[in-house]
Amino acid sequence: MFESLIARPPDAIIALMELAKADKNPNKIDLGVGVYKTDDGATPIMRAVKQAEGLYLTEETTKSYVSTVGNSDFRTHMLDLIFGDNFAPLNENRIASAQATGGSGALRIGAELIKSSGKDPVVWVPTPTWANHEPLIGSVGLTIKSYPYYNRETLGVDFEDMLEHLKANATAGDVVVFHGCCHNPTGADLAPAEWDRAAEFMRDHELIPFIDLAYFGLGDGLEHDTYGLRKIGVTCPELILAASCSKNFALYKERVGLVAAITSTADQAKVVQGQLGALQRRLTSMPPDHGAALVARILGDAKLRAVWLEELTEMRDRIKQLRKDLSDALRVQGAEAMADAIIDQNGMFSTLPLSVEQVKRLRAEHSVYMTKSGRINIAGANSSNIPRLAAAILDVL
Ligand code: LMR
């Protein structure tokens, strides 16, 4: 049977991670995979997570199954964290949710939910988008199409083009994927006023929002980073959310995520709740417990929550400082637009206006690693290598 299989190239982001790891140059700069790093290049376990782990180790009494939709405290706390107080769909019991195996697991279950509706809508993703969106969402057999999003000339969002394109090409019932904040790979987000318009646009054209919220808390703060999601959630009757705890809790390998759906009635939420459990059962039976138990513990305990919020703020502030330092170092004649964009963009990523050739030269001549689209993970830089990084970028430009 296996003779019919064809060799597949490794995933580009994962391959880049391996390439950077294998580079023996002590001065290498790895701006590849979206993992937060401290100034000395480590990705530590957060203090709040370590404390919660200590508690869980002594308190955990069984390894028996939890449930197909996962830890219910985790789901409740996450929904409160993401949607805040007084979120109408939450108060009206119009939200169904399930713990998922990372943000990717949440995207996959979300895609399965769309497919299960039997409506076969087109799923629209921004150009560019996270490289794994299409494989993940498309793997359930949905048609994926692209809408314009990032303008590589202005280094900002082409908001009017995006609405025009969707207006002309999407039909009622189609699904539109948004990055809730910290757009991956560009860091270019919608401004609050644009989210307001996008929400009305989605409602008026009867489009279904599918929001990927992978980096919330690492942009401009929890409130700011969930503004668009909340706005769309109270404006449109339905919404699908895929949230991740990989980045903001640094729980990458534990695979912690949440899939949620806002429905137009409480009765529909009950049906969707059952569907989420059934979908998960069909895929992996149940999500892993450990990471979600830690998040539930942290969010449910005032002291641990305060520790976590403090650490999240430290991470966010460091990313902002790195943005400022890189921007300053790149601010030479001819590169001002790039320097401005790096400051304006949000979260771990920016996409630099570099060609594939220039990205290859950065790797070969300077041991600087980024995806071939020019995406950099700004958290991979540090206070001592920023001058060298800026010089390398300016050199290939
Ligand atoms: C990234 O975009 O680098 C991260 O989301 C990690 C991944 O799995 O691709």
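The figures here come from the full heavy-atom set of this structure, side chains too, leaving out hydrogens, waters and symmetry mates. Every number for a ligand or one of its atoms is a count from 1 in the order of the listing.
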**Study point:** Side chains of N184 and H179, donor plus acceptor under 3.5 Å
**Key:** no

Point to revise | contact_flag Y215 ligand 1 heavy-atom lt 4.0 Å | key: yes

Point to revise | Salt bridge present between E310 and R305 (N-O < 4.0 angstrom) | key: no

Review point. Is there a donor in the side chain of S139 and an acceptor in the side chain of R108, or the other way round, less than 3.5 Å apart?
Key: yes

Check your understanding: Which of the atoms of ligand 1 are close to K247, meaning less than 4.0 Å from one of its heavy atoms?
Key -> 4 (C), 5 (O), 6 (C)

Check your understanding: Under 4.0 Å from any heavy atom of V33, which atoms of ligand 1 are there?
Key -> 3 (O), 6 (C)

Check your understanding: Hey, what do you get for CG (L299) to OG1 (T76), rounding to the nearest 0.5 Å?
Key -> 11.0 Å

Check your understanding: Is the distance between the ring centroids of Y150 and H183 under 6.0 Å?
Key -> no

Review point. For ligand 1, is any non-hydrogen atom under 4.0 Å from N184's backbone (N, CA, C, O), its side chain (CB onward), both, or neither?
Key: side chain

Listed pairs under 3.5 Å, donor-acceptor, residues 9-18 side chains, sequence neighbours left out:
unit_1, atom_1, unit_2, atom_2, d
D11, OD1, I13, N, 3.0
D11, OD1, I14, N, 3.1

Review point. For ligand 1, which part of I13 has a heavy atom less than 4.0 Å away: the side chain, the backbone, both, or neither?
Key: side chain

**Study point:** atom 9 (O) of ligand 1: the protein heavy-atom neighbour that sits closest, reported with distance to 0.1 Å
**Key:** W130 NE1, 3.0 Å

Check your understanding: With a 4.0 Å heavy-atom cut-off (strictly under), which part of H133 contacts ligand 1: side chain, backbone, both or neither?
Key -> neither

Review point. With backbone taken as N, CA, C and O and side chain as the heavy atoms from C-beta onward, which portion of M17 lies under 4.0 Å from ligand 1: side chain, backbone, both, or neither?
Key: neither

